[in-house]
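Hydrogens, waters and symmetry mates play no part in the numbers below; they use all other heavy atoms, side chains included. Lettering follows sequence order; numbering is per chain, from 1.
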Amino acid sequence: AQKVTQAQTEISVVEKEDVTLDCVYETRDTTYYLFWYKQPPSGELVFLIRRNSFDEQNEISGRYSWNFQKSTSSFNFTITASQVVDSAVYFCALRRSDAGGTSYGKLTFGQGTILTVHP
Amino acid sequence: DAMVIQNPRYQVTQFGKPVTLSCSQTLNHNVMYWYQQKSSQAPKLLFHYYDKDFNNEADTPDNFQSRRPNTSFCFLDIRSPGLGDAAMYLCATSNLVGRRQETQYFGPGTRLLVL
């Protein structure tokens, strides 16, 4: 069985602060994909990043960075110098990598972390 | 721009009155998904289509049906909406190429209110 845990239900920061969103996952698969999605108040789930389980390099994209540690089954997301527009719900998700059947495309989501950035 | 479109963005229906939500895509993806997301919860997969093959999740109520008349369109039919069906409904698409399942991209969602 697969499981994703986002222990932080809500985080509140002041603009320009750095903030890290935690994600811990469980899976018996040896290969898998991890994702982060952003859901602003408008409701659309916006894809941020996909990471293969065999690629443990950290990634940086502008103010966003991701720290993948297979040894601790964690895939944490850091926003540097947060802005009010970063306010949203952030979901971490897990998916099996083999597409032997289309059910393998199923995403297992964490419960989400509500991030509020105050001016 | 290639995208996933959902109409309407907001839908109000009456208890027990059938309602249909619409999703279309210009990405030419072969897989389309429907998720239900209740307030403060994670999205929950209802079912998906791989081309014309329908795949239902085991715990999806019979009240929920889906149709995919062509590659571009997929519909979610709720035959007799109850108050508990009020939620955001998210459509997503992805491509299955050989054995490789690509990233899912989501539409803006339809927020359903049942009166």
Side-chain angles (χ1 to χ4, degrees), chain A residues 1-10 21 23-25 29 31-55 59 88-116, chain B residues 2-6 8-11 23 27 29-60 68 87-112:
Chain A
Q2 300 190 86
K3 186 179 179 183
V4 177
T5 302
Q6 294 179 252
Q8 303 148 310
T9 306
E10 291 191 54
L21 310 181
C23 173
V24 174
Y25 62 92
D29 293 340
T31 57
Y32 46 89
Y33 285 102
L34 294 161
F35 300 80
W36 276 95
Y37 284 88
K38 173 184 180 180
Q39 189 173 40
S42 59
E44 180 176 0
L45 273 168
V46 178
F47 166 73
L48 296 178
I49 189 171
R50 180 176 82 174
R51 170 64 70 211
N52 294 332
S53 56
F54 50 82
D55 180 4
E59 183 157 339
V89 183
Y90 290 86
F91 288 97
C92 180
L94 170 68
R95 197 197 81 201
R96 304 178 78 175
S97 67
D98 296 322
T102 59
S103 60
Y104 282 34
K106 180 178 178 178
L107 288 169
T108 299
F109 285 94
Q111 285 302 103
T113 296
I114 302 170
L115 174 65
T116 304
Chain B
M3 56 198 302
V4 183
I5 302 159
Q6 289 189 246
R9 296 293 309 275
Y10 298 90
Q11 176 75 56
C23 176
L27 299 160
H29 283 171
N30 51 23
V31 189
M32 294 186 77
Y33 305 81
W34 278 105
Y35 288 84
Q36 179 192 62
Q37 186 181 23
K38 296 189 176 180
S39 182
S40 302
Q41 295 184 20
K44 176 180 178 298
L45 182 65
L46 295 173
F47 28 57
H48 70 276
Y49 272 96
Y50 169 50
D51 286 336
K52 289 189 179 295
D53 292 334
F54 178 69
N55 297 270
N56 200 29
E57 291 299 298
D59 56 354
T60 298
R68 190 179 186 187
M88 172 75 91
Y89 290 88
L90 295 161
C91 174
T93 73
S94 70
N95 229 12
L96 179 62
V97 181
R99 289 177 60 86
R100 191 179 81 247
Q101 184 81 44
E102 297 179 349
T103 297
Q104 285 184 36
Y105 293 94
F106 286 79
T110 294
R111 197 173 294 277
L112 178 69

Contact origin within B:S94 toward chain A - heavy atom pairs under 4.5 Å
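Interface part for B:S94: neither.
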Atom group of B:Q37 that falls short of 4.5 Å from chain A, counting heavy atoms:
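Looking at B:Q37, just its side chain touches chain A.
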Chain A contacts, top residue of B:Q41, B:M88, B:Q104 (heavy-atom pairs, under 4.5 Å)
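Result: the option with the highest number of such pairs is B:Q104.
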As an exercise, state the distance from CG of A:L107 to OH of B:Y35, rounded to the nearest 0.5 Å.
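Result: 4.0 Å between the selected atoms.
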Would you give the length of the straight line joining atom CD of B:E102 to atom CZ of A:R50, rounded to the nearest 0.5 angstrom?
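If I round to the nearest 0.5 Å, the distance is 7.0 Å.
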Least distance between heavy atoms, A:G110 atom then B:A42 atom:
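Looking at all heavy atoms of both residues, the shortest contact is O-CB, 3.1 Å.
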Looking only at heavy atoms, which two atoms of A:Y37 and B:T103 are closest? And how far apart?
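Reported closest heavy-atom pair: OH-CG2, 4.0 Å.
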Would you call A:Q39 and B:L90 a side-chain contact if the rule is heavy atoms closer than 4.5 Å?
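SC-SC contact between A:Q39 and B:L90 confirmed.
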